[in-house]
Participant: 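One structure, pasted below without further comment.
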Amino acid sequence: MVRANGAVSLRELARVVQTSEVTVRRDVRALEAEGLLDRRHGGAVLPGGFSREPGYPQKTHLAAAEKSAIADLAAGLVEEGDAIVVGAGTTTQELARRLARVPGLTVVTNSLLVAQALAHANRVEVVMTGGTLRGSNYALVGSGAEQSLAGLRVTKAFISGSGLTAERGLSTANMLSASVDRALVQSANEVIVLADHTKLGADSMFQTVATDAITRLVTDEHTAAEDPTARELDALADCGVQISVAALGLPAEAPAVHPQPSAAPPRRPVPPAGLAAPGTPLPGQRRPAPHGGLPIPARLAERIR
């Protein structure tokens, strides 16, 4: 599977061979010892993964369910009338399919796949960069793309990459892609990284976004015992990155926006006499979880609140 796809997640591997992730992780260690693959947090790649990037057909089959859940959750961060930039990638393509329903939206992108997903959305304006087509991921790159982004200002940037670590931030295996991604994020007030668990702890040749420039990470739920991705999430949270975790198999909800300490709390409407305030549980009911019901690792709960 690694030879065919360039990379594979432990969760997907366990599903295919119908065994536990613990067993798969042990076997992956043995294959790495033989030099047949390189382990990554939550998955495995072909040797030499720093410079190798899987093509679009391979990426579409890797962690597909996780990417879908991430896109569902990320779409809740976009509001009517927003102006945003969306980078290239299979996860951002999934996001674009959901953005077609947001009225008054303006999307700037260098991705043909993102533009195609929004081509028939009557209420969404799509602005494409110039540049040279990079066929492996259907993205426009080069000086033409970077120059078309000069002077641009938008509210949010949604971007993906090949790897994400707390030490180095987001990275990718291609220099031209990294350069355009940097131009995309420089135009945004908020930088939102979409990365499934197979990318957490992985590193590539070219840095795209430093950790201190990332506003929020939207990732998927991955709760394997002693999983290194959980430690990477801890480290990212320590660096000030807001963590939003998309639960698989459940309807996604927009994550709570955590106000700055100086921000005034929103005023609640005063209910008429004799009526309970909105959100007050009835007798015998539990108050809903503060993070919208999305399962979040316990070690991150305090930071995310």
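Along the sequence shown, the residues carry numbers beginning at 1.
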Participant: Quick one: list whatever passes side-chain hydrogen bond (donor to acceptor under 3.5 Å, both in side chains) with Thr23, sequence neighbours left out.
Facilitator: Ser20
Participant: Suppose we screen for side-chain hydrogen bond (donor to acceptor under 3.5 Å, both in side chains). Which residues come up paired with Thr165, at least two apart in sequence or across chains?
Facilitator: none
Participant: What residues form a side-chain contact (heavy atoms from CB on, under 4.5 Å) with Thr91, not counting sequence neighbours?
Facilitator: Lys67, Ile70, Ser160, Leu194, Lys199
Participant: Tell me, please, which residues at least two apart from Leu176 pass side-chain contact (heavy atoms from CB on, under 4.5 Å).
Facilitator: Val141, Asn174
Participant: State which residues pass side-chain hydrogen bond (donor to acceptor under 3.5 Å, both in side chains) with Gln186; sequence neighbours excluded, sorted by chain then number.
Facilitator: none
Participant: Got a sec, which residues hit side-chain hydrogen bond (donor to acceptor under 3.5 Å, both in side chains) with Ser148, two or more places apart in sequence or on another chain?
Facilitator: none
Participant: Could you tell me which residues satisfy side-chain contact (heavy atoms from CB on, under 4.5 Å) with Leu112, sequence neighbours excluded, listed by chain and number?
Facilitator: Met128, Leu133, Tyr138
Participant: Tell me the salt bridge (charged side-chain N to carboxylate O under 4.0 Å, His left out) pairs involving residues 140-165, sequence neighbours left out?
Facilitator: Asp82-Lys156
Participant: Listed by chain and number, what are the salt bridge (Lys or Arg N to Asp or Glu O under 4.0 Å) partners of Glu125, not counting sequence neighbours?
Facilitator: none
Participant: Residues in salt bridge (Lys or Arg N to Asp or Glu O under 4.0 Å) with Asp27, at least two apart?
Facilitator: none
Participant: Write out all pairs satisfying side-chain hydrogen bond (donor to acceptor under 3.5 Å, both in side chains) with one or both partners inside residues 98-118, taking only residues at least two apart or from two chains.
Facilitator: Ser68-Arg98, Asp72-Arg98, Glu94-Arg98
Participant: List the residues meeting side-chain contact (heavy atoms from CB on, under 4.5 Å) with Ala166, not counting sequence neighbours, and say none if there are none.
Facilitator: Glu232, Ala235, Leu236, Cys239
